[in-house]
There are 2 protein chains.
Amino acid sequence: MAHPTPRSTRAARPRPAGRTPRAERTRAAILHAAELAFAQEGYAATRLEDVAEAVGIRRASIVYHFRDKREIYDAVLADLLSGFEARLAEALAIEGCLLVRIEAGVGAWVDYLGQRPSLARLLLREVADAPSAGPSLLAEVKPIADLVKRFHDETRDDPLARRKPVDPVHLASAVVGTTVFFVAAMPRLVPSGAFDPLDPDTLARHRSEVLRITRRLLGVESHSCAAEEAR
Amino acid sequence: MAHPTPRSTRAARPRPAGRTPRAERTRAAILHAAELAFAQEGYAATRLEDVAEAVGIRRASIVYHFRDKREIYDAVLADLLSGFEARLAEALAIEGCLLVRIEAGVGAWVDYLGQRPSLARLLLREVADAPSAGPSLLAEVKPIADLVKRFHDETRDDPLARRKPVDPVHLASAVVGTTVFFVAAMPRLVPSGAFDPLDPDTLARHRSEVLRITRRLLGVESHSCAAEEAR
DNA sequence: GTCTATAGAGAGATAGAC
DNA sequence: GTCTATCTCTCTATAGAC
């Protein structure tokens with residue numbers, strides 16, 4: 001048994017769709033508090049007691065909105081991931097050559113992590129906790145993977161793509177690993193709070209480093225479209 | 001409270017130094033089984049019950065060798081880290097220009113993760129679970145950080161170093177994040193076991209990708225010393 | 001919708017026999 | 001050194017009142 005509690009497979013809502021505004025607010029407040037708690041403490045270490053306290057209600061009241069702890073976690077993760085999915089779709093939709101659009105996508109990723117660093121912490125845990133075989137995480141990430149795949153298909157003719165300079169798995173682990181570590185891990189590795197990855201300047205520097213890695217892994221030196229298309 | 005059980009600060013051994021060969025074997029077996037369990041399941045989800053079963057003894061017997069669960073975990077992590085420390089020291093001691101030695105160090109890191117992938121999983125969890133402020137992980141990694149710092153000092157005169165092309169924090173998160181994700185996370189993200197980062201060929205490819213990232217982040221195109229020193 | 005109160009399970013720690 | 005047996009704590013989940 002890898003996971004203490006298996007991912008919830010039951011209906012997502014304990015109540016029918018129609019919710020009162022009050023319930024809606026409480027529900028949102030629970031999600032927000034839970035996101036912070038899960039990011040800070042981890043799934044197992046997070047006590048529903050503390051989440052309730054942060055919201056200003058009692059533990060048992062949470063159950064009115066969510067069937068169990070796992071359902072809250074799933075909702076938090078889904079919210080974070082779908083948020084990025086939307087941003088990524090926007091970014092990939094811009095006009096421009098392949099490289100410009102890839103850069104837009106990678107940039108959107110870095111920016112999104114900067115705005116919602118909880119995602120970095122949750123991802124760290126997700127990959128650490130996911131059972132070796134289970135397709136759990138895979139299912140959650142699928143919409144995003146589909147998006148990337150669609151993008152890949154529709155740009156198959158691009159000269160850059162045809163060069164196939166690097167294995168996508170390597171590129172993915174480089175981009176995702178680097179950013180997630182930068183946001184979630186480095187603050188805990190460099191001495192006493194002297195480092196804040198969310199500081200706008202710091203994040204901007206990181207963003208350009210990641211773009212540099214991306215371009216260079218792709219075998220491209222310049223970041224101008226013209227230079228690329230002139231080959 | 002971030003950690004369910006704080007890192008153990010008491011004496012490392014429940015018994016004086018002199019151990020019987022039998023006890024020594026049992027102790028080693030516990031450490032080995034615990035390493036696998038912690039890597040596979042995580043700290044909280046690992047039951048001492050299961051570790052004992054894997055060793056072939058009873059749960060209570062573990063307590064003879066280790067004061068508590070945390071002490072086992074600390075011992076496992078220390079073993080993994082000190083193993084790398086030794087390899088890194090070797091790698092950095094070789095003759096050659098700065099770039100060659102940096103490459104040796106990075107290569108040693110990738111190779112070591114390939115041999116002891118548990119370290120990747122534990123690191124993933126460590127950074128995810130470490131309390132925001134606590135210097136716990138920092139203390140564990142200190143010997144390695146010192147080693148890198150010594151290396152940095154003694155190569156201060158190198159032309160490559162003087163160019164200071166990139167912030168060390170960015171470089172570190174790139175190298176560590178990329179490798180850790182590659183080894184520990186990607187197998188759980190690509191469909192059903194079609195990907196094995198520990199396969200010698202796959203790992204070798206990854207190794208060269210990481211070296212490529214390193215060189216390019218450093219602003220160096222060629223990997224020959226001659227090319228670098230000719231500037 | 002939110003509360004109080006309680007049931008129930010899991011897992012780590014401890015005491016003491018062999 | 002390793003065992004059996006037990007204790008205790010924590011946290012989730014549930015029942016039912018307001």
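Reminder, nothing fancy here: chain letters follow the sequence lines and each chain counts from 1.
- In this structure, the CD atom of A:Glu49 is 12 Å from the C1' atom of C:dT4, given to the nearest Å.
- Between B:Asp201 and B:Arg205, no side-chain nitrogen of the basic residue sits less than 4.0 Å from a carboxylate oxygen of the acidic one, so the salt-bridge criterion is not met.
- Nucleic acid contact class of B:Arg22 (heavy atoms, under 4.0 Å, all strands): sugar-phosphate only.
- Rounded to an integer number of Å, the gap from CZ of B:Phe66 to C1' of D:dT2 is 15 Å.
- Whole-Å rounding puts the B:Arg47 CZ to C:dG10 P distance at 9 Å.
- Applying the side chain to side chain donor-acceptor pair (under 3.5 Å) rule to pairs touching residues 79-94 of chain B yields B:Asp79-B:Arg116, B:Arg87-B:Gln115, sequence neighbours excluded.
- B:Ala60 comes within contact range of at least one nucleobase, with a heavy-atom separation under 4.0 Å.
- Both tests hold for A:Lys69 against A:Tyr43: distance to the six-membered ring centre under 6.0 Å, angle to the ring axis within 45°.
- The side chain of A:Thr26 lies closest to C:dT2, out of D:dT14, C:dT14, C:dT2.
- Of the candidates D:dT12, C:dG1, C:dA13, C:dA13 carries the atom nearest the B:Asp68 side chain, counting heavy atoms from C-beta on.
- The distance between atom CZ of A:Arg59 and atom P of C:dT6, rounded to the nearest whole Å, is 16 Å.
- Residue A:Phe66 comes nearest to A:Glu71 through the heavy atom pair CA-OE2, 3.6 Å, listed as atom of the first residue, atom of the second, then distance.
- Spacing between atom CZ of A:Arg67 and atom C1' of D:dA13 amounts to 12 Å, rounded to whole angstrom units.
- Here B:Arg58 reaches the OP1 or OP2 of D:dT4: one of its side-chain N or O atoms lies under 4.0 Å away.
- Ring-plane geometry between A:Phe182 and A:Phe195 is classed as perpendicular, the angle between the planes exceeding 60 degrees on a 0 to 90 degree scale with a lower cut at 30.
- Rounded to whole Å, the distance from CD1 on A:Ile57 to P on C:dT4 is 12 Å.
- OP1 or OP2 of C:dG1 has not a single side-chain nitrogen or oxygen of A:Ser61 nearer than 4.0 Å.
- What separates OH of B:Tyr64 from C1' of D:dT4 is a distance of 18 Å, to the nearest Å.
- Taking side-chain N and O atoms only, B:Thr20 has a distance below 4.0 Å to OP1 or OP2 of D:dG1.
- Spacing between atom NZ of B:Lys69 and atom P of C:dA13 amounts to 8 Å, rounded to whole angstrom units.
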